[in-house]
Participant: 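What follows is a single structure, and I will ask about it in a moment.
Please read all numbers here as calculations on a predicted model, not as lab measurements. Worth knowing before you read on, the calculation uses all heavy atoms, side chains too, and leaves out hydrogens, waters and symmetry mates.
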Amino acid sequence: MYENVFRRVEEKYVLDGRQKQELLKKIESYLQKDKFYKTTICNLYFDTIHDDLIVHSLEKPIFKEKIRLRSYKIPDLEDDVFLEIKKKYKGIVGKRRVKMKLKEFYEYIKNHEFDETNQIMREIDYAFTHYQLKPTIYIAYDRKSYVAKENKHLRITFDENLRSRTDDLRLELGDAGFRYFKGEYYIMEIKTLGAMPMWLVHALSDLNIYPTSFSKYGSIYEKKKERKINYAY
């Protein structure tokens, strides 16, 4: 198993196709494609039998957390996946994750045995045990990633084709799902360890692009609840 720890500020924006195109025209000279520029991100979220974690998150608390299994393609049992616990406190996002083979994840879920010296796995296992977590929703999207040429800690990503399902809750079963948006929309995320550079602030201001509290898991959960049917939208 391999550990990763991230702590940063994240801002989200929902853009239509025109806004995305105009923004990229203004800022593309400051950006370069990320090493992993184009990926399909597959997520399996875990929650209680009553969806307590997402319900709490939607109440906009000072502190909230999510637990998910993530891959950067449709994996098979021998591929790497990331078991993550994501926490947000007063706008600061902390993500702690452990890399493992998909088959190792299933072994963990089956018997809850792991390396006791691994602090992150102890935190994750506590969450699974304390909340009695189970897989609740699969969410996938196609991402294009950029990094600032003069600041490797500034990343901008554009996610499209947001889709989800509440059955076949295994990453290896493909990335099919019901689409969230009708039409061409993108979820842009700006991730940085500090303040945004002025060239980015000016570009956003010129185009009247403002941050939103959009959460993929939360928004899909709310739409499902409103419709009171199984993601038929």
Side-chain angles (χ1 to χ4, degrees), residues 1 3-12 14 41-72 81-100 102 105-106 108-112 114 118-141 143 157 159 162-171 173 175 177-178 180 187 189 191 211-231 233:
M1 295 183 178
E3 300 177 23
N4 273 314
V5 178
F6 304 88
R7 187 173 184 273
R8 61 198 178 195
V9 176
E10 296 181 357
E11 294 282 7
K12 293 183 180 179
V14 177
I41 299 181
C42 308
N43 304 278
L44 185 59
Y45 283 86
F46 299 86
D47 213 323
T48 71
I49 192 171
H50 299 297
D51 299 321
D52 293 306
L53 294 184
I54 190 58
V55 169
H56 176 69
S57 177
L58 291 170
E59 294 172 347
K60 310 298 182 185
I62 294 177
F63 171 81
K64 57 185 178 181
E65 59 185 339
K66 298 175 183 176
I67 293 86
R68 68 190 177 201
L69 183 69
R70 167 172 286 191
S71 64
Y72 293 89
V81 295
F82 296 88
L83 186 55
E84 304 179 345
I85 182 166
K86 185 175 183 180
K87 303 180 181 183
K88 189 172 185 179
Y89 179 69
K90 292 185 176 180
I92 302 298
V93 175
K95 184 169 69 175
R96 298 162 68 77
R97 68 184 190 178
V98 177
K99 184 170 76 172
M100 61 183 72
L102 182 57
F105 167 74
Y106 288 131
Y108 161 71
I109 287 297
K110 181 179 179 180
N111 54 39
H112 281 264
F114 60 94
N118 188 318
Q119 174 62 31
I120 298 177
M121 272 306 302
R122 291 208 305 269
E123 293 178 26
I124 292 173
D125 184 68
Y126 174 81
F128 268 95
T129 303
H130 177 71
Y131 294 117
Q132 298 183 355
L133 298 177
K134 63 181 183 67
T136 57
I137 190 170
Y138 172 95
I139 296 176
Y141 40 90
R143 170 170 288 183
T157 60
D159 298 335
L162 176 62
R163 53 205 184 270
S164 62
R165 63 176 186 256
T166 54
D167 54 3
D168 295 333
L169 295 177
R170 295 171 72 100
L171 294 184
L173 295 181
D175 64 346
F178 293 97
Y180 178 82
I187 303 163
E189 295 186 32
K191 308 171 186 183
T212 177
S213 59
F214 186 91
S215 160
K216 297 182 181 76
Y217 182 14
S219 297
I220 291 171
Y221 174 83
E222 286 189 312
K223 181 168 283 191
K224 173 177 176 289
K225 187 177 179 181
E226 289 170 4
R227 297 275 179 143
K228 297 182 180 179
I229 52 179
N230 192 27
Y231 285 75
Y233 53 89

Participant: Can you confirm whether Thr48 sits close enough to Gln132 that some side-chain heavy atom of one is under 4.5 Å from a side-chain heavy atom of the other?
Facilitator: no
Participant: Does Tyr126 have more than 12 heavy atoms from other residues, nucleotides or ligands lying within 6.0 Å of its OH?
Facilitator: no
Participant: For Tyr180, does the six-membered ring have the charged nitrogen or CZ of Lys216 within the cation-pi criterion, i.e. under 6.0 angstrom from the centroid and within 45° of the normal?
Facilitator: no
Participant: Does Tyr45 have any ring pair (Phe, Tyr, Trp, His ring centres under 6.0 Å) partners at least two apart in sequence or in another chain, and if so, which?
Facilitator: Tyr217
Participant: Taking it one step at a time, do Thr157 and Lys191 satisfy side chain to side chain contact (heavy atoms under 4.5 Å, CB included)?
Facilitator: CA-CA 8 Å; Thr157 60; Lys191 308 171 186 183; 4.1 Å; yes
Participant: Should Val9 and Val93 be marked as a side chain to side chain contact (heavy atoms under 4.5 Å, CB included) after you check the CA-CA gap, both sets of side-chain angles, and the distance that decides it?
Facilitator: CA-CA 6 Å; Val9 176; Val93 175; over 6 Å; no
Participant: Quiz question: by atom type and distance under 3.5 Å, do the side chains of Ser57 and Lys66 form a donor-acceptor pair?
Facilitator: no
Participant: Inspect the contact between Glu10 and Lys95 and indicate whether a charged nitrogen and a carboxylate oxygen are less than 4.0 angstrom apart.
Facilitator: no
Participant: Under 6.0 Å from the ring centre and within 45 degrees of the ring axis: does the NZ or CZ of Arg70 meet both conditions for the six-membered ring of Phe82?
Facilitator: no
Participant: Fit a plane to each ring of Tyr89 and Phe63, take the angle between them on a 0 to 90° scale, and name the class: parallel (under 30°), tilted (30 to 60°) or perpendicular (over 60°).
Facilitator: tilted
Participant: Would you say Tyr138 and Leu171 make side-chain contact, with heavy atoms under 4.5 Å?
Facilitator: yes
Participant: Going by heavy atoms in the side chains, are Phe214 and Ile187 under 4.5 Å from each other?
Facilitator: yes
Participant: Less than 4.5 Å apart, side chain to side chain, heavy atoms only: is that true for Ile54 and Thr136?
Facilitator: no
Participant: How would you list, by chain and number, every residue that makes a ring pair (Phe, Tyr, Trp, His ring centres under 6.0 Å) with Tyr131, sequence neighbours excluded?
Facilitator: none
Participant: Given the rule in the side chain to side chain contact (heavy atoms under 4.5 Å, CB included) test, do Glu59 and Lys64 qualify, once you have shown the distances and angles that lead to the verdict?
Facilitator: CA-CA 10 Å; Glu59 294 172 347; Lys64 57 185 178 181; over 6 Å; no
Participant: Just checking His50: does its NE2 atom have more than 12 heavy atoms from other residues, nucleotides or ligands closer to it than 6.0 angstrom?
Facilitator: no
Participant: Given the ring of Tyr72, does Arg143 sit roughly above its face, with NZ or CZ under 6.0 Å from the centre of the six-membered ring and within 45° of the axis?
Facilitator: no
Participant: Are a donor atom and an acceptor atom from the side chains of Lys224 and Thr166 found within less than 3.5 Å of each other?
Facilitator: no
Participant: Show your reasoning for whether side chain to side chain contact (heavy atoms under 4.5 Å, CB included) applies to Phe105 and Leu69.
Facilitator: CA-CA 9 Å; Phe105 167 74; Leu69 183 69; 3.6 Å; yes
